[in-house]
> 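Before I ask anything, let me first share the structure, which is written out below as C-alpha coordinates.
All residue numbers refer to positions in the sequence shown, counting from 1. Computation of the quantities below employed the complete heavy-atom set of this structure, encompassing side-chain atoms and omitting hydrogens, waters and symmetry-equivalent molecules.
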Amino acid sequence: MTKKSKSRDLDHLIEQNDTELTFLSAYGGVTNDNEDPASILSALKRFLKAGGVTIQEKNQRIEFDFGYAQCVEKGCKIYFKGSSLPLVKSDLIQNGFIDGKLPVRRGSCTVTIQIWDVEQRRFVERLIEHMKK
(Lines give C-alpha, C1' and ligand atoms only; values in the text may rest on other atoms or scores of the structure.)
Protein backbone atom coordinates (compact mmCIF):
# COMPACT_ATOMS: atom_id res chain seq x y z
CA MET A 1 0.00 0.00 0.00
CA THR A 2 1.50 3.32 -1.08
CA LYS A 3 1.14 6.42 0.97
CA LYS A 4 -0.35 9.54 -0.64
CA SER A 5 2.09 12.40 -1.12
CA LYS A 6 1.62 15.38 1.20
CA SER A 7 3.09 17.78 -1.39
CA ARG A 8 -0.01 17.43 -3.53
CA ASP A 9 -2.15 18.50 -0.57
CA LEU A 10 0.04 21.56 -0.03
CA ASP A 11 -0.03 22.45 -3.74
CA HIS A 12 -3.80 22.16 -3.74
CA LEU A 13 -4.09 24.40 -0.66
CA ILE A 14 -1.85 27.05 -2.20
CA GLU A 15 -3.78 26.94 -5.47
CA GLN A 16 -7.12 27.16 -3.66
CA ASN A 17 -6.04 30.15 -1.58
CA ASP A 18 -4.54 31.88 -4.60
CA THR A 19 -7.88 31.75 -6.41
CA GLU A 20 -10.11 32.51 -3.43
CA LEU A 21 -8.15 35.33 -1.79
CA THR A 22 -7.30 37.54 -4.76
CA PHE A 23 -9.75 40.19 -3.47
CA LEU A 24 -7.22 41.00 -0.73
CA SER A 25 -5.03 42.82 -3.26
CA ALA A 26 -7.69 45.55 -3.31
CA TYR A 27 -6.50 46.51 0.16
CA GLY A 28 -3.01 47.24 -1.09
CA GLY A 29 0.20 45.53 -0.43
CA VAL A 30 3.89 45.98 -0.72
CA THR A 31 4.95 47.07 -4.18
CA ASN A 32 8.35 45.92 -5.29
CA ASP A 33 9.93 49.25 -6.13
CA ASN A 34 13.00 47.42 -7.41
CA GLU A 35 11.15 45.69 -10.27
CA ASP A 36 12.90 46.63 -13.46
CA PRO A 37 10.79 48.93 -15.70
CA ALA A 38 12.35 47.28 -18.78
CA SER A 39 11.11 43.85 -17.67
CA ILE A 40 7.60 45.26 -17.15
CA LEU A 41 7.72 46.83 -20.62
CA SER A 42 8.90 43.53 -22.08
CA ALA A 43 6.05 41.63 -20.39
CA LEU A 44 3.55 44.23 -21.59
CA LYS A 45 4.94 43.92 -25.13
CA ARG A 46 4.47 40.13 -25.10
CA PHE A 47 0.97 40.53 -23.65
CA LEU A 48 -0.06 43.02 -26.33
CA LYS A 49 1.33 40.82 -29.11
CA ALA A 50 -0.53 37.80 -27.71
CA GLY A 51 -3.70 39.94 -27.79
CA GLY A 52 -3.20 40.64 -31.49
CA VAL A 53 -2.01 44.25 -31.07
CA THR A 54 0.54 45.52 -33.60
CA ILE A 55 3.38 47.41 -31.93
CA GLN A 56 6.43 49.40 -32.98
CA GLU A 57 9.52 49.58 -30.76
CA LYS A 58 11.61 52.70 -30.21
CA ASN A 59 14.28 52.99 -27.46
CA GLN A 60 12.60 51.74 -24.26
CA ARG A 61 9.19 52.65 -25.71
CA ILE A 62 6.51 50.74 -27.60
CA GLU A 63 3.76 52.35 -29.64
CA PHE A 64 0.47 50.89 -30.78
CA ASP A 65 -2.63 52.21 -32.54
CA PHE A 66 -4.31 53.35 -29.34
CA GLY A 67 -1.36 54.56 -27.25
CA TYR A 68 2.14 53.87 -26.05
CA ALA A 69 4.15 52.52 -23.13
CA GLN A 70 7.61 53.56 -22.02
CA CYS A 71 10.08 53.01 -19.22
CA VAL A 72 10.20 55.77 -16.62
CA GLU A 73 12.06 56.05 -13.34
CA LYS A 74 9.21 54.66 -11.21
CA GLY A 75 8.02 51.88 -13.56
CA CYS A 76 6.37 51.57 -16.96
CA LYS A 77 4.16 54.47 -18.01
CA ILE A 78 1.20 53.52 -20.19
CA TYR A 79 -0.97 55.90 -22.20
CA PHE A 80 -4.23 54.79 -23.84
CA LYS A 81 -6.49 56.92 -26.02
CA GLY A 82 -10.00 56.10 -27.21
CA SER A 83 -13.60 57.05 -26.74
CA SER A 84 -15.41 56.31 -23.49
CA LEU A 85 -12.70 54.09 -22.03
CA PRO A 86 -14.22 51.45 -19.73
CA LEU A 87 -12.46 52.82 -16.66
CA VAL A 88 -13.15 54.63 -13.42
CA LYS A 89 -10.61 56.46 -11.27
CA SER A 90 -10.40 53.58 -8.80
CA ASP A 91 -8.99 51.36 -11.59
CA LEU A 92 -5.89 53.55 -11.56
CA ILE A 93 -5.16 53.34 -7.83
CA GLN A 94 -4.96 49.58 -7.41
CA ASN A 95 -1.89 47.89 -6.00
CA GLY A 96 1.00 48.34 -8.44
CA PHE A 97 -0.43 51.46 -10.14
CA ILE A 98 0.75 55.03 -9.50
CA ASP A 99 0.26 58.47 -11.04
CA GLY A 100 -3.03 57.52 -12.72
CA LYS A 101 -4.89 60.19 -14.66
CA LEU A 102 -8.34 59.77 -16.20
CA PRO A 103 -10.02 62.86 -17.66
CA VAL A 104 -13.76 63.34 -17.03
CA ARG A 105 -14.68 62.40 -20.62
CA ARG A 106 -12.55 59.21 -20.41
CA GLY A 107 -10.98 59.81 -23.83
CA SER A 108 -7.53 58.91 -22.56
CA CYS A 109 -5.77 57.40 -19.60
CA THR A 110 -2.23 57.55 -18.23
CA VAL A 111 -0.87 55.35 -15.46
CA THR A 112 2.50 54.02 -14.34
CA ILE A 113 2.63 50.36 -13.42
CA GLN A 114 5.29 49.20 -10.99
CA ILE A 115 4.61 45.47 -11.10
CA TRP A 116 3.29 43.07 -13.72
CA ASP A 117 0.65 41.02 -11.96
CA VAL A 118 -2.95 39.90 -12.39
CA GLU A 119 -4.45 43.38 -11.87
CA GLN A 120 -2.19 44.94 -14.49
CA ARG A 121 -2.94 42.20 -17.04
CA ARG A 122 -6.70 42.53 -16.46
CA PHE A 123 -6.46 46.31 -16.83
CA VAL A 124 -4.63 46.09 -20.16
CA GLU A 125 -6.85 43.24 -21.37
CA ARG A 126 -10.00 45.29 -20.73
CA LEU A 127 -8.61 48.16 -22.77
CA ILE A 128 -7.56 45.87 -25.64
CA GLU A 129 -11.03 44.35 -25.76
CA HIS A 130 -12.61 47.82 -25.76
CA MET A 131 -10.38 49.03 -28.61
CA LYS A 132 -11.10 45.98 -30.76
CA LYS A 133 -14.88 46.57 -30.69
> With sequence neighbours left out, write down each residue that passes side-chain hydrogen bond (donor to acceptor under 3.5 Å, both in side chains) with Lys49, or none if nothing qualifies.
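For Lys49, no residue satisfies side-chain hydrogen bond (donor to acceptor under 3.5 Å, both in side chains) once neighbours in sequence are set aside.
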
> Given 3.5 Å as the limit, does a donor-acceptor pair link the side chain of Gln114 with the main chain of Glu35, or not?
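Checked: no pair found.
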
> Check side-chain hydrogen bond (donor to acceptor under 3.5 Å, both in side chains) between Ser42 and all other residues, then give those that pass, not counting sequence neighbours.
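Partners of Ser42 under the side-chain hydrogen bond (donor to acceptor under 3.5 Å, both in side chains) test: Arg46.
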
> Please indicate whether Glu73 has more than 12 foreign heavy atoms, meaning atoms of other residues, nucleotides or ligands, lying under 6.0 Å from its CD.
no

> Donor-acceptor pair, Gln120 side chain versus Asn95 backbone, under 3.5 Å?
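It does hold such a pair.
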
> Please tell me whether Ile113 and Val118 are part of a single hydrophobic cluster in this structure, the criterion being side-chain heavy atoms less than 4.5 Å apart.
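They do not share one cluster, since no chain of ILVMFWY contacts under 4.5 Å joins Ile113 to Val118.
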
> Evaluate the side-chain proximity of Leu85 to Arg105: yes if any heavy-atom separation is below 4.5 Å, no if none is.
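With C-beta onward as the side chain, the pair stays apart.
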
> With sequence neighbours left out, write down each residue that passes side-chain contact (heavy atoms from CB on, under 4.5 Å) with Asp65, or none if nothing qualifies.
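If we apply the side-chain contact (heavy atoms from CB on, under 4.5 Å) test to Asp65, skipping adjacent residues, there are no hits.
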
> Excluding sequence neighbours, so at least two apart, what forms ring pair (Phe, Tyr, Trp, His ring centres under 6.0 Å) with Phe66?
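Result, ring pair (Phe, Tyr, Trp, His ring centres under 6.0 Å) vs Phe66: Phe64, Phe80.
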
> Of all residues at least two apart in sequence or in a different chain, which pass the side-chain hydrogen bond (donor to acceptor under 3.5 Å, both in side chains) check with Glu57?
Lys45

> Using the test salt bridge (charged side-chain N to carboxylate O under 4.0 Å, His left out), find all partners of Lys58 that sit at least two apart in sequence or belong to another chain.
Glu63

> Contact between Val53 and Phe47 at the side-chain level, heavy atoms closer than 4.5 Å - yes or no?
no

> With sequence neighbours excluded, what pairs up with Arg121 under the salt bridge (charged side-chain N to carboxylate O under 4.0 Å, His left out) test?
none

> With sequence neighbours excluded, what pairs up with Glu129 under the salt bridge (charged side-chain N to carboxylate O under 4.0 Å, His left out) test?
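Residues passing salt bridge (charged side-chain N to carboxylate O under 4.0 Å, His left out) with Glu129: none at all.
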
> Any pair with a residue in residues 82-91 that passes side chain to side chain donor-acceptor pair (under 3.5 Å), sequence neighbours left out, goes on the list, sorted by first then second residue, please.
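As it turns out, the side chain to side chain donor-acceptor pair (under 3.5 Å) pairs with a partner in residues 82-91, which skip direct neighbours, are Asp91-Arg126.
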
> Which Ile, Leu, Val, Met, Phe, Trp or Tyr residues join Tyr79 in one cluster when any pair of side-chain heavy atoms under 4.5 Å counts as a link?
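Cluster partners of Tyr79: Tyr68.
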
